[in-house]
There are 2 protein chains.
Amino acid sequence: MADLVWHIPFTMDARRADHIAEALEGLIFNGEFSDGDRLDEIRLAERFGVSRTPIREAFQRLALSGLVEAIPRRGVFVRQPGLVELLEMFEVMAEFEGICGRLASARITNEALDALQVANAACRQAVEAGDADAYYRENERFHHIIYRQSGNAFLEAETCRLHRRLKPFRRMQLQLRGRLAQSMSEHEGIVQALTNADAERAGRLLREHVAVQGEKFHHLMSSLKPAAE
Amino acid sequence: MADLVWHIPFTMDARRADHIAEALEGLIFNGEFSDGDRLDEIRLAERFGVSRTPIREAFQRLALSGLVEAIPRRGVFVRQPGLVELLEMFEVMAEFEGICGRLASARITNEALDALQVANAACRQAVEAGDADAYYRENERFHHIIYRQSGNAFLEAETCRLHRRLKPFRRMQLQLRGRLAQSMSEHEGIVQALTNADAERAGRLLREHVAVQGEKFHHLMSSLKPAAE
DNA sequence: ACTTCTCATGTTGTATACAAAAGTATTGAC
DNA sequence: GTCAATACTTTTGTATACAACATGAGAAGT
């Protein structure tokens, strides 16, 4: 399915390496490769119809993202994060969100507060319609507004980076029964705290809002895999 | 000075690209290239005595670190962070340290507490000797212990990454008169809070400890450049 | 039978060759 | 004299060729 993209006869501009990096990321996320698999440069080059050079460039990007590990003179191996590492990342994500919220509470604009209300309303609609995908989209918009309103572009970028990294795992736990409604009510508390410029409360609520996702994820995983790792 | 390394006739193992990335990093930090300069692949290849390939690999790594910006079909350009971005990074660094401290206060081992005392004693010695370099080294050890004791390897890695990125700028403000002694006394408060497992206090002290570095840096810069950026 | 050395094979890392695109300068028209 | 178009140069992105190294099999020796 992702393959077909590459049969378009070079309509795309820019560097092929960029697209290949994205495509590989997708392949890894979609479980085409398992943890520990070696990514064969030549095979992938043939598969994408390019030479080894752009493949290797894509590898470097993935290695810097932490998706693969490049061992010198040995090759690159996919490195799916283990449960422990995932929980660590969720913990850091919760802290990031908390910081964004704390900073945003003092710096947020009125327009952004309105936008939060709008996104939240869209979230509510999605919940009522039982549309998990729509909720996911609007939820993302909600959080990105807060990242932006932290007033710290560097923090925003780092938070987005981790958010993106956790995307495939975050999605799983959103499917859980009752989580959507709970998440909604948390959103409302967050908006209130931001409106009142209550820095500590906004930070704490956001941190807990994400931390609970990590816990849900933990439960989900440990119920699925009896003794992985 | 860093050039000489490359005249050693291939004693070094591993990939040359790795070393080149480090060397380029050093060159940029040391001010050999200014903001906006284009990094000429061919010139650098000749300079390092290699082909363009490892140079380009090094570029990618630097681009991912944010030191240079790669514009497709145009080349890579040095991207020194402006004052605003630096202050943003210091703000995030302060938050990282605070998080590490808060988490560490609950998770730190007795051995690590002892190691903190040792590092702190070495810091004190360096202050008394007026040895800024030694202080810098021991200070780094002190902080890294706390990162590690956060018990979150992912957080530790991210914090080290930013710490490393801020290294050249952090160093400037340490040279300021009286900063060493102040920094020392802050360290003692931090150790005490960690010993008492006072999470909030440890977090707050560490955050402020770094935040003040950002402020000092701000003052320093604005006193040097009247109206940069 | 087990160890060790050597060689064969395959893979990575680097160099070079080539094509496409951006930049630059010259020429020509108005 | 200015502007625009075109040819020319420079530079990036990619492909291919080559060399260094790792791995594994097989032969020789104990």
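Naming: A, B, ... by sequence-line order, numbering from 1 per chain.
I71(A) has its CD1 atom 10 Å from the P atom of dT23(D), to the nearest Å. As rounded to whole Å, 7 Å separates atom P of dT14(C) from atom CZ of R73(A). Distance CD (E46(A)) to C1' (dT11(C)): 14 Å, rounded to an integer number of Å. Spacing between atom CZ of R74(B) and atom C1' of dA20(C) amounts to 16 Å, rounded to whole angstrom units. Distance CG (L44(A)) to P (dA15(D)): 14 Å, rounded to an integer number of Å.
The side chain of R52(A) places no N or O atom within less than 4.0 Å of a non-bridging phosphate oxygen (OP1 or OP2) of dT14(D). For dA15(C), one of the phosphate oxygens OP1 or OP2 lies less than 4.0 angstrom from a side-chain nitrogen or oxygen of S51(B).
F59(B) is linked by a ring pair (Phe, Tyr, Trp, His ring centres under 6.0 Å) to nothing, counting only residues two or more places apart in sequence or in another chain. For E156(B), the side chain to side chain donor-acceptor pair (under 3.5 Å) test picks out R148(B), with sequence neighbours left out. Judged as a side chain to side chain donor-acceptor pair (under 3.5 Å), and not counting sequence neighbours, the contacts of R52(A) are E41(A). Checked against ring pair (Phe, Tyr, Trp, His ring centres under 6.0 Å), F142(A) has the following partners two or more places apart in sequence or in another chain: H187(A).
Closest contact between the side chain of V50(B) and the listed nucleotides dA20(D), dA15(C), dT12(D) involves dA15(C). For P54(B), the side-chain atoms get nearest to dA15(C) when compared with the rest of dA22(D), dA15(C), dT14(D).
Of all the residues in residues 32-43 of chain B, R38(B), D40(B), E41(B) reach under 4.0 Å from DNA chain D with at least one non-hydrogen atom. Of all the residues in residues 56-65 of chain A, not one reaches under 4.0 Å from DNA chain D with any non-hydrogen atom.
The two residues M89(A) and L162(A) come nearest to each other via the heavy atoms O-CD2, 3.8 Å.
A donor-acceptor contact shorter than 3.5 Å links the side chain of T159(B) to the backbone of L155(B). For the pair R107(B) (side chain) and S150(B) (backbone), a donor-acceptor distance under 3.5 Å is present.
Using cut-offs of 30° and 60° for the angle between ring planes, the F29(B) and F169(B) rings count as perpendicular. Ring-plane geometry between H143(B) and Y147(B) is classed as tilted, the angle between the planes lying from 30 to 60 degrees on a 0 to 90 degree scale.
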